[in-house]
Amino acid sequence: SLVFPEGKTTVIIGGSGSGKSLLMKTASYIRPPEKGKVLWQGSNLGTISQEKLTAIRKTWGFMFQDSALWANMSIFENLALPQRFHFPDRSEKEIAERIKDLAEQMGFNGSMLARPVAYSAGRQKIASFMRAIINDPQLIFLDEPSTFVDHSGFRPVYRMLQRYRRQGRTIVMITHDIELAKGLGDHLMIMRSGELIASGDLHELLKSARHDLQQEIAESFQQGGEE
(Lines give C-alpha, C1' and ligand atoms only; values in the text may rest on other atoms or scores of the structure.)
Protein backbone atom coordinates (compact mmCIF):
# COMPACT_ATOMS: atom_id res chain seq x y z
CA SER A 1 0.00 0.00 0.00
CA LEU A 2 1.36 3.43 -0.87
CA VAL A 3 0.19 7.04 -1.02
CA PHE A 4 1.28 9.89 -3.28
CA PRO A 5 1.07 13.02 -1.10
CA GLU A 6 -1.39 15.49 -2.57
CA GLY A 7 0.07 18.84 -3.54
CA LYS A 8 3.63 17.46 -3.48
CA THR A 9 6.11 16.13 -6.03
CA THR A 10 6.84 12.42 -5.63
CA VAL A 11 9.96 11.05 -7.32
CA ILE A 12 10.11 7.32 -8.10
CA ILE A 13 13.50 5.69 -8.63
CA GLY A 14 14.83 2.17 -9.03
CA GLY A 15 16.85 0.01 -11.35
CA SER A 16 15.78 -1.10 -14.79
CA GLY A 17 12.92 -3.57 -14.55
CA SER A 18 12.12 -2.60 -10.95
CA GLY A 19 8.50 -1.80 -11.83
CA LYS A 20 8.54 2.01 -11.86
CA SER A 21 6.59 2.48 -15.10
CA LEU A 22 4.14 -0.28 -14.17
CA LEU A 23 3.51 1.41 -10.83
CA MET A 24 2.85 4.72 -12.54
CA LYS A 25 0.53 3.20 -15.14
CA THR A 26 -1.36 1.40 -12.37
CA ALA A 27 -1.63 4.53 -10.23
CA SER A 28 -2.96 6.49 -13.22
CA TYR A 29 -5.32 3.62 -14.08
CA ILE A 30 -3.91 3.30 -17.57
CA ARG A 31 -3.34 -0.31 -16.53
CA PRO A 32 -5.86 -1.31 -13.85
CA PRO A 33 -4.42 -3.52 -11.10
CA GLU A 34 -5.04 -7.27 -11.17
CA LYS A 35 -5.44 -7.17 -7.39
CA GLY A 36 -6.10 -4.35 -4.95
CA LYS A 37 -7.54 -0.96 -5.74
CA VAL A 38 -6.59 2.57 -6.73
CA LEU A 39 -8.17 5.42 -4.75
CA TRP A 40 -8.40 9.06 -5.78
CA GLN A 41 -9.84 11.52 -3.27
CA GLY A 42 -11.87 8.73 -1.68
CA SER A 43 -13.18 7.20 -4.92
CA ASN A 44 -12.26 3.63 -5.90
CA LEU A 45 -11.40 3.92 -9.60
CA GLY A 46 -12.36 0.27 -10.11
CA THR A 47 -15.97 0.68 -8.96
CA ILE A 48 -17.00 4.16 -10.13
CA SER A 49 -18.85 4.72 -13.39
CA GLN A 50 -17.01 5.31 -16.65
CA GLU A 51 -18.49 8.79 -16.71
CA LYS A 52 -17.01 9.64 -13.31
CA LEU A 53 -13.66 8.08 -14.24
CA THR A 54 -13.53 10.21 -17.39
CA ALA A 55 -14.35 13.31 -15.32
CA ILE A 56 -11.44 12.49 -12.98
CA ARG A 57 -9.03 11.90 -15.85
CA LYS A 58 -9.99 15.29 -17.21
CA THR A 59 -7.93 16.77 -14.36
CA TRP A 60 -4.90 14.50 -14.97
CA GLY A 61 -2.04 14.53 -17.44
CA PHE A 62 0.37 11.73 -18.40
CA MET A 63 3.74 11.93 -20.16
CA PHE A 64 5.01 8.57 -21.41
CA GLN A 65 8.64 7.49 -21.36
CA ASP A 66 8.63 6.91 -25.12
CA SER A 67 6.44 9.98 -25.80
CA ALA A 68 3.66 7.78 -27.30
CA LEU A 69 2.45 10.45 -29.69
CA TRP A 70 -0.06 9.36 -32.34
CA ALA A 71 2.22 8.71 -35.33
CA ASN A 72 -0.52 9.29 -37.92
CA MET A 73 -1.46 12.69 -36.50
CA SER A 74 0.31 16.04 -36.64
CA ILE A 75 1.71 17.57 -33.48
CA PHE A 76 -1.24 19.98 -33.58
CA GLU A 77 -3.76 17.12 -33.71
CA ASN A 78 -1.97 15.30 -30.89
CA LEU A 79 -2.48 18.39 -28.73
CA ALA A 80 -6.00 19.08 -29.95
CA LEU A 81 -7.29 15.53 -29.31
CA PRO A 82 -7.37 15.64 -25.47
CA GLN A 83 -9.01 19.06 -25.58
CA ARG A 84 -11.75 17.91 -27.95
CA PHE A 85 -12.34 14.76 -25.90
CA HIS A 86 -12.52 16.36 -22.45
CA PHE A 87 -13.84 19.79 -23.44
CA PRO A 88 -16.23 19.25 -26.37
CA ASP A 89 -17.63 22.77 -25.96
CA ARG A 90 -14.21 24.35 -26.45
CA SER A 91 -14.12 26.13 -29.82
CA GLU A 92 -11.55 25.27 -32.48
CA LYS A 93 -10.26 28.82 -32.18
CA GLU A 94 -9.64 28.40 -28.45
CA ILE A 95 -8.04 25.00 -29.02
CA ALA A 96 -5.66 26.53 -31.56
CA GLU A 97 -4.87 29.47 -29.29
CA ARG A 98 -4.05 27.21 -26.34
CA ILE A 99 -1.72 25.15 -28.52
CA LYS A 100 -0.02 28.27 -29.90
CA ASP A 101 0.44 29.80 -26.44
CA LEU A 102 1.83 26.58 -24.97
CA ALA A 103 4.19 26.03 -27.91
CA GLU A 104 5.59 29.52 -27.35
CA GLN A 105 6.07 28.87 -23.63
CA MET A 106 7.84 25.59 -24.37
CA GLY A 107 10.01 27.04 -27.13
CA PHE A 108 8.53 24.59 -29.65
CA ASN A 109 9.34 26.47 -32.84
CA GLY A 110 8.73 23.81 -35.50
CA SER A 111 5.66 23.32 -37.63
CA MET A 112 2.70 22.08 -35.61
CA LEU A 113 1.34 20.49 -38.78
CA ALA A 114 4.25 18.05 -39.09
CA ARG A 115 3.93 14.51 -37.76
CA PRO A 116 6.07 13.32 -34.83
CA VAL A 117 8.49 11.44 -37.11
CA ALA A 118 9.68 14.81 -38.45
CA TYR A 119 11.17 15.64 -35.05
CA SER A 120 13.98 14.30 -32.90
CA ALA A 121 13.25 12.13 -29.89
CA GLY A 122 13.87 15.14 -27.67
CA ARG A 123 11.37 17.34 -29.51
CA GLN A 124 8.82 14.53 -29.42
CA LYS A 125 9.34 14.37 -25.66
CA ILE A 126 8.60 18.09 -25.37
CA ALA A 127 5.44 17.60 -27.47
CA SER A 128 4.43 14.74 -25.17
CA PHE A 129 4.85 17.02 -22.15
CA MET A 130 2.75 19.67 -23.88
CA ARG A 131 0.00 17.11 -24.49
CA ALA A 132 0.13 16.10 -20.81
CA ILE A 133 -0.45 19.66 -19.59
CA ILE A 134 -2.63 21.10 -22.39
CA ASN A 135 -5.76 20.83 -20.21
CA ASP A 136 -4.08 22.41 -17.17
CA PRO A 137 -4.12 19.26 -14.98
CA GLN A 138 -4.05 19.15 -11.20
CA LEU A 139 -2.29 15.75 -11.18
CA ILE A 140 0.60 15.11 -13.56
CA PHE A 141 2.37 11.79 -14.19
CA LEU A 142 5.81 12.10 -15.82
CA ASP A 143 7.80 9.05 -16.94
CA GLU A 144 11.44 10.11 -17.47
CA PRO A 145 10.60 13.68 -18.58
CA SER A 146 14.20 14.73 -19.27
CA THR A 147 15.33 11.66 -21.24
CA PHE A 148 16.47 12.55 -24.81
CA VAL A 149 15.98 16.28 -24.12
CA ASP A 150 19.05 18.56 -24.10
CA HIS A 151 19.60 21.01 -21.28
CA SER A 152 18.37 24.10 -23.11
CA GLY A 153 15.32 22.27 -24.46
CA PHE A 154 14.36 21.04 -21.01
CA ARG A 155 14.63 24.44 -19.35
CA PRO A 156 11.04 25.55 -20.23
CA VAL A 157 9.71 22.20 -18.97
CA TYR A 158 11.57 22.66 -15.69
CA ARG A 159 10.21 26.18 -15.27
CA MET A 160 6.67 24.96 -15.86
CA LEU A 161 7.10 22.18 -13.30
CA GLN A 162 8.49 24.68 -10.80
CA ARG A 163 5.36 26.80 -11.33
CA TYR A 164 3.08 23.78 -10.83
CA ARG A 165 4.96 22.86 -7.66
CA ARG A 166 4.53 26.38 -6.25
CA GLN A 167 0.82 26.17 -7.08
CA GLY A 168 0.50 23.00 -5.02
CA ARG A 169 -0.29 20.63 -7.85
CA THR A 170 0.45 16.93 -7.44
CA ILE A 171 3.32 15.60 -9.55
CA VAL A 172 4.42 11.96 -9.77
CA MET A 173 7.72 11.59 -11.63
CA ILE A 174 10.09 8.80 -12.58
CA THR A 175 13.61 10.03 -13.23
CA HIS A 176 17.27 9.00 -13.31
CA ASP A 177 18.33 12.67 -13.12
CA ILE A 178 19.43 13.40 -9.57
CA GLU A 179 19.51 17.18 -10.09
CA LEU A 180 15.93 17.11 -11.37
CA ALA A 181 14.90 14.99 -8.38
CA LYS A 182 16.60 17.31 -5.89
CA GLY A 183 15.28 20.44 -7.58
CA LEU A 184 11.62 19.42 -7.70
CA GLY A 185 11.11 16.47 -5.39
CA ASP A 186 9.42 16.47 -1.99
CA HIS A 187 8.81 12.75 -1.53
CA LEU A 188 10.91 9.79 -2.68
CA MET A 189 9.87 6.20 -3.44
CA ILE A 190 12.53 3.57 -4.11
CA MET A 191 11.59 0.43 -6.08
CA ARG A 192 13.43 -2.88 -6.30
CA SER A 193 12.23 -6.01 -8.14
CA GLY A 194 8.61 -4.88 -8.20
CA GLU A 195 8.49 -3.88 -4.54
CA LEU A 196 8.58 -0.55 -2.74
CA ILE A 197 11.57 -0.74 -0.38
CA ALA A 198 11.50 2.81 0.98
CA SER A 199 9.23 5.84 0.95
CA GLY A 200 9.59 9.19 2.68
CA ASP A 201 10.98 12.72 2.58
CA LEU A 202 13.28 12.93 -0.46
CA HIS A 203 16.13 14.85 1.16
CA GLU A 204 16.09 12.69 4.29
CA LEU A 205 16.23 9.46 2.27
CA LEU A 206 19.05 10.80 0.09
CA LYS A 207 21.05 11.25 3.32
CA SER A 208 19.97 7.91 4.85
CA ALA A 209 22.60 5.93 6.70
CA ARG A 210 21.22 2.66 5.33
CA HIS A 211 23.86 1.18 3.03
CA ASP A 212 21.33 -0.73 0.92
CA LEU A 213 19.35 2.45 0.22
CA GLN A 214 22.46 4.43 -0.65
CA GLN A 215 23.52 1.70 -3.06
CA GLU A 216 20.07 1.61 -4.67
CA ILE A 217 19.99 5.41 -4.96
CA ALA A 218 23.48 5.56 -6.49
CA GLU A 219 22.69 2.84 -9.04
CA SER A 220 19.32 4.38 -9.91
CA PHE A 221 20.77 7.78 -10.70
CA GLN A 222 23.64 6.30 -12.69
CA GLN A 223 21.43 4.39 -15.09
CA GLY A 224 20.09 5.72 -18.36
CA GLY A 225 16.76 4.18 -17.62
CA GLU A 226 15.04 1.85 -20.02
CA GLU A 227 12.31 0.18 -17.97
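Side-chain N or O atoms of Thr9 include none that pairs as donor or acceptor with a backbone N or O of Ile171 at under 3.5 Å. Side chain of Ser128 to backbone of Ser67: a donor-acceptor contact under 3.5 angstrom is found. Here the side chain of Ser43 pairs no donor or acceptor atom with the backbone of Leu45 at under 3.5 angstrom. Formation of a donor-acceptor pair under 3.5 Å by the Arg98 side chain with backbone atoms of Ile134 is found in this model. For the pair Gln65 (side chain) and Glu144 (backbone), a donor-acceptor distance under 3.5 Å is absent. Judged by distance alone, with hydrogens and angles left aside, the side-chain atoms of Lys20 form a donor-acceptor pair with the main-chain N or O of Gly14 at under 3.5 Å. The main-chain N or O of Leu22 is found under 3.5 Å from a side-chain atom of Thr26 such that the two form a donor-acceptor pair. At distances below 3.5 Å, at least one donor-acceptor pair connects side-chain atoms of Asn78 with backbone N or O atoms of Trp70. A donor-acceptor contact shorter than 3.5 Å links the side chain of Gln83 to the backbone of Leu79. Of the possible donor and acceptor atoms, none in the side chain of Gln124 sits under 3.5 Å from a partner among the backbone N and O of Ala68.
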Subject >> Thr54/Phe85 under side chain to side chain contact (heavy atoms under 4.5 Å, CB included): CA gap, chis, key distance, verdict >> reply: CA-CA 10 Å; Thr54 299; Phe85 181 79; 3.8 Å; yes
Original post:
Hey, mind stepping through Trp40 and Tyr29 against side chain to side chain contact (heavy atoms under 4.5 Å, CB included) and telling me if it holds?
Top reply: CA-CA 10 Å; Trp40 169 250; Tyr29 223 67; over 6 Å; no
**OP:** Given side chain to side chain contact (heavy atoms under 4.5 Å, CB included), test Val157 with Met106 step by step and report yes or no.
**Re:** CA-CA 7 Å; Val157 176; Met106 292 295 106; 4.1 Å; yes
Original post:
Does the pair Arg165 and Lys8 meet the rule for a side chain to side chain contact (heavy atoms under 4.5 Å, CB included), with working shown?
Top reply: CA-CA 7 Å; Arg165 186 169 180 256; Lys8 302 294 184 181; over 6 Å; no
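Taking 4.5 Å as the limit, some side-chain heavy atom of Ile133 sits within range of a side-chain heavy atom of Met160. Looking only at side-chain heavy atoms (C-beta outward), Gln105 and Pro156 stay at 4.5 Å or farther from each other. Here the side chains of Ile197 and Glu216 are in contact, with some heavy-atom distance below 4.5 Å. Considering only heavy atoms from C-beta on, Arg155 comes within 4.5 Å of Arg159 through its side chain. At least one side-chain heavy atom of Ile217 sits less than 4.5 Å from a side-chain heavy atom of Ile13. Side-chain contact check for Arg115 versus Ile75: every heavy-atom pair is 4.5 Å or farther apart. Using a 4.5 Å cut-off on side-chain heavy atoms (C-beta onward), Leu202 and Asp186 make no contact. Put simply, the side chain of Asp143 reaches to within 4.5 Å of the side chain of Ser21, judged on heavy atoms.
Here Ser152 pairs with Asp150 under the side chain to side chain donor-acceptor pair (under 3.5 Å) rule; sequence neighbours left out. For Asp136, the side chain to side chain donor-acceptor pair (under 3.5 Å) partners two or more places apart in sequence, or in a different chain, are Arg169.
Of the residues Leu161, Asp177, Val11, the one that meets the side chain to side chain contact (heavy atoms under 4.5 Å, CB included) test with Leu184 is Leu161.
For Ser220 against Gly15, the heavy-atom pair with the smallest separation is OG-N, 3.9 Å. Here the closest heavy-atom approach between residue Lys125 and residue Phe64 is recorded as CE-O, 3.4 Å. When all heavy atoms of Ser28 and Trp60 are compared, the closest pair comes out as O-CZ3, 3.3 Å. Annotation for Val149 and Gly122: closest pair CG2-O, 3.8 Å, computed over non-hydrogen atoms. Listed here is the closest heavy atom pair of Ala127 and Leu69: CB-CD1, 3.9 Å. The minimum heavy-atom distance between Pro116 and Ala71, with the atom names listed, is CD-O, 4.0 Å.
Glu6 and Gln41 are linked by a side-chain donor-acceptor pair at a separation below 3.5 angstrom, with hydrogens and angles left out of the test. Between the side chains of His187 and Ser199, at least one donor N or O lies within less than 3.5 Å of an accepting N or O. No side-chain N or O of Asn135 forms a donor-acceptor pair with one of Arg57 less than 3.5 Å apart.
The CD atom of Glu94 sits 9.0 Å away from atom CZ of Phe87, with the distance rounded to the nearest 0.5 Å. The line from NZ of Lys58 to NE2 of His86 is 8.5 Å long, rounded to the nearest 0.5 Å. With rounding to the nearest 0.5 angstrom, the OG atom of Ser208 is 4.5 Å from the CG atom of Leu213. We find the CG-CD1 distance between Leu53 and Ile48 to be 5.0 Å, quoted to the nearest 0.5 Å. We find the CZ-OG distance between Phe129 and Ser146 to be 11.5 Å, quoted to the nearest 0.5 Å. Rounding to the nearest 0.5 Å places CG of Leu23 at 9.0 Å from CZ of Phe141.
Under the 4.5 Å side-chain heavy-atom criterion for Ile, Leu, Val, Met, Phe, Trp and Tyr, Val38 and Met24 are members of the same hydrophobic cluster. Leu2 is connected to Ile12 through a chain of hydrophobic side-chain contacts under 4.5 Å among Ile, Leu, Val, Met, Phe, Trp and Tyr, so both are in one cluster. No single ILVMFWY cluster, assembled from side-chain heavy atoms under 4.5 Å apart, contains both Met73 and Met112. Using a 4.5 Å cut-off between side-chain heavy atoms of Ile, Leu, Val, Met, Phe, Trp and Tyr, with links allowed through other members, Leu81 and Ile140 fall into different hydrophobic clusters. Residues Phe154 and Ile178 are members of one and the same hydrophobic cluster, defined by side-chain heavy-atom contacts under 4.5 angstrom among Ile, Leu, Val, Met, Phe, Trp and Tyr.
The six-membered or imidazole ring of Phe108 lies near that of Tyr119, with a centre-to-centre distance under 6.0 Å.
Sorted by first and then second residue, the pairs that involve residues 66-77 and meet salt bridge (charged side-chain N to carboxylate O under 4.0 Å, His left out), not counting sequence neighbours, are Glu77-Arg84.
Atom CD of Glu195 is surrounded by 12 or fewer heavy atoms from other residues, nucleotides or ligands within 6.0 Å.
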